[in-house]
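Protein chains get the first letters and strands the later ones, always in sequence-line order, with residue 1 at the start of each.
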2 protein chains.
Amino acid sequence: MEKKPELCRVDDALSILVGKWKPIILLHLLQKGTLRFSELKRSLPGITQKMLTNQLRELEEEDIISRKVYPQVPPKVEYSITKYGKTLEPILEAMHEWGTKHTLHKKNKVNSKASS
Amino acid sequence: MEKKPELCRVDDALSILVGKWKPIILLHLLQKGTLRFSELKRSLPGITQKMLTNQLRELEEEDIISRKVYPQVPPKVEYSITKYGKTLEPILEAMHEWGTKHTLHKKNKVNSKASS
DNA sequence: TCCTTTAGTATCTTTTTGTATACTATATCA
DNA sequence: TGATATAGTATACAAAAAGATACTAAAGGA
């Protein structure tokens, strides 16, 4: 671990990943490479169009994903993970692994409190 | 990488780490093990007492840190990283490493746009 | 002619986060 | 006697993130 927390660069990665739907959007794009807007929407039950657009725009802004518009009617827009975006994969993987391993931790704490 | 984004557990880790001061607080505690409230405050220029208390409470709630009160006047309260909290270290490390490596990426993008 | 599809935008409201500022108790020190 | 240090709480406010809902264009099909 870095010996100088004051030089902390954790927030650089964190600020890109923070957003209610960003991690799951990235997981889908990392898995499939490219997805249409409507495919993403169908993959994310509960998301509104506004939120999806908004999260995609922010990821695009950071050069994590790219957007390709096909001049058709009805419109077709494809989103792909960029090379740079792929560098986030180890972080997402680490968090997913952690989450999978420790899902029960909090629950156990709550239960042991509740039963005391 | 997990092949089923719909079983995504990334948010479990993310929700613990999200908070303006949490990562840096954790880095300090991971480095030193234990710190007093006032030591933490001095280590975090710009943080208000309310925010520090608040972030510490949330981390304590998640069992990432523990709080020990010494019955003295003036009061003394020590915060330590828990064993469970230490399991977050690889994630923080991955993010810090990513941030360090890619700090220049965005800047370069902005510059190349600005100069076009 | 009207309905459907796609990928959005525009508004408004609610919820969540973060900031600013003032206040507290109590032992010790000058 | 009055200032200082510690670890907070209380209150009000501002800003950011998220949610709900309605609206758009334009080709193709029934």
Side-chain angles (χ1 to χ4, degrees), chain A residues 8 10-26 28-29 32-62 64-81 106, chain B residues 8 10-29 32-62 64-81:
Chain A
C8 169
V10 170
D11 290 337
D12 297 356
L14 213 48
S15 69
I16 288 175
L17 262 16
V18 169
K20 184 157 182 191
W21 304 88
K22 284 179 192 172
I24 186 90
I25 287 172
L26 289 175
H28 276 101
L29 287 176
K32 306 271 187 179
T34 297
L35 285 169
R36 292 185 62 174
F37 184 87
S38 54
E39 292 175 317
L40 276 167
K41 192 164 185 314
R42 271 190 289 275
S43 307
L44 306 168
I47 198 171
T48 62
Q49 244 150 338
K50 188 201 163 184
M51 276 306 286
L52 180 52
T53 303
N54 165 274
Q55 303 279 286
L56 290 170
R57 290 285 183 285
E58 290 182 13
L59 289 169
E60 197 195 348
E61 186 90 353
E62 297 288 348
I64 303 301
I65 64 175
S66 66
R67 178 171 181 269
K68 184 172 181 189
V69 182
Y70 293 82
Q72 303 180 353
V73 168
K76 174 177 174 183
V77 179
E78 281 182 353
Y79 291 90
S80 319
I81 193 90
K106 196 181 173 183
Chain B
C8 169
V10 171
D11 289 338
D12 297 353
L14 213 47
S15 69
I16 288 175
L17 262 17
V18 168
K20 185 157 181 190
W21 305 89
K22 284 179 192 173
I24 186 89
I25 287 171
L26 289 176
L27 290 183
H28 276 102
L29 285 177
K32 305 270 187 180
T34 296
L35 285 168
R36 293 185 62 174
F37 184 88
S38 54
E39 292 174 315
L40 275 167
K41 191 162 185 313
R42 272 189 289 276
S43 309
L44 306 168
I47 198 171
T48 61
Q49 243 150 340
K50 190 199 162 185
M51 274 307 287
L52 181 52
T53 302
N54 166 275
Q55 303 280 286
L56 291 170
R57 289 287 183 285
E58 289 181 13
L59 289 169
E60 197 195 348
E61 187 90 351
E62 297 288 348
I64 304 301
I65 65 174
S66 66
R67 178 172 182 268
K68 184 170 183 191
V69 183
Y70 294 82
Q72 303 179 352
V73 169
K76 175 177 171 181
V77 179
E78 280 181 351
Y79 291 91
S80 320
I81 193 88

Please work out if [X] contacts a base, only the sugar-phosphate, or nothing of the nucleic acid, heavy-atom cut-off 4.0 Å.
X        : result
Met51(A) : sugar-phosphate
Tyr79(B) : sugar-phosphate
Gln55(B) : sugar-phosphate
Lys41(A) : nothing

Measure the distance from [atom1] on [X] to [atom2] on [N] and round it to the nearest whole Å.
X        : N       : atom1 : atom2 : answer
Leu14(B) : dT16(C) : CG    : C1'   : 15 Å
Leu35(B) : dT6(D)  : CG    : C1'   : 15 Å
Leu52(A) : dT6(C)  : CG    : C1'   : 12 Å
Gln49(B) : dG8(D)  : CD    : C1'   : 7 Å
Leu56(A) : dA7(C)  : CG    : C1'   : 11 Å
Glu58(B) : dT16(C) : CD    : C1'   : 10 Å
Glu39(B) : dA5(D)  : CD    : C1'   : 14 Å
Glu61(A) : dA17(D) : CD    : C1'   : 16 Å

In the structure I gave you, are the side-chain heavy atoms of Leu56(A) and Arg67(A) within less than 4.5 Å of one another anywhere? no

Would a 4.5 Å heavy-atom cut-off, applied to side chains only, mark Val10(A) and Leu26(B) as touching? no

Could you check which of [options] has an atom nearest any side-chain atom of [X]?
X        : options                  : result
Arg67(B) : dA7(D), dT19(C), dG19(D) : dA7(D)
Pro74(A) : dT19(C), dT5(C), dG8(C)  : dT5(C)
Val73(B) : dA7(C), dT26(C), dG8(D)  : dT26(C)
Thr53(A) : dG8(C), dA7(D), dT9(D)   : dG8(C)
Lys50(A) : dA20(D), dG8(D), dA7(C)  : dA20(D)

From CA spacing to verdict: side-chain contact (heavy atoms from CB on, under 4.5 Å), Met51(A), Leu44(A): CA-CA 11 Å; Met51(A) 276 306 286; Leu44(A) 306 168; over 6 Å; no

Closer than 4.0 Å, any side-chain N/O of [X] to the OP1 or OP2 of [N]?
X        : N       : answer
Arg36(A) : dA7(C)  : yes
Trp21(A) : dA17(D) : no
Arg57(A) : dA7(C)  : no

Verdict with reasoning, Leu17(A) to Val18(B), per side-chain contact (heavy atoms from CB on, under 4.5 Å): CA-CA 10 Å; Leu17(A) 262 16; Val18(B) 168; over 6 Å; no

Using heavy atoms to find the nearest nucleotide of DNA chain D for Asn54(A) and Phe37(B) separately, return the residue whose nucleotide is more 5′. Phe37(B)

On DNA chain D, more 5' by nearest nucleotide between Pro75(A) and Gly46(A) is Gly46(A)

Does NZ in Lys76(A) sit with more than 12 non-hydrogen atoms of other residues, nucleotides or ligands closer than 6.0 Å? yes

Looking at every non-hydrogen atom in both residues, tell me the closest pair between Gln55(A) and Lys20(A) and how far apart they are. OE1-N, 3.6 Å

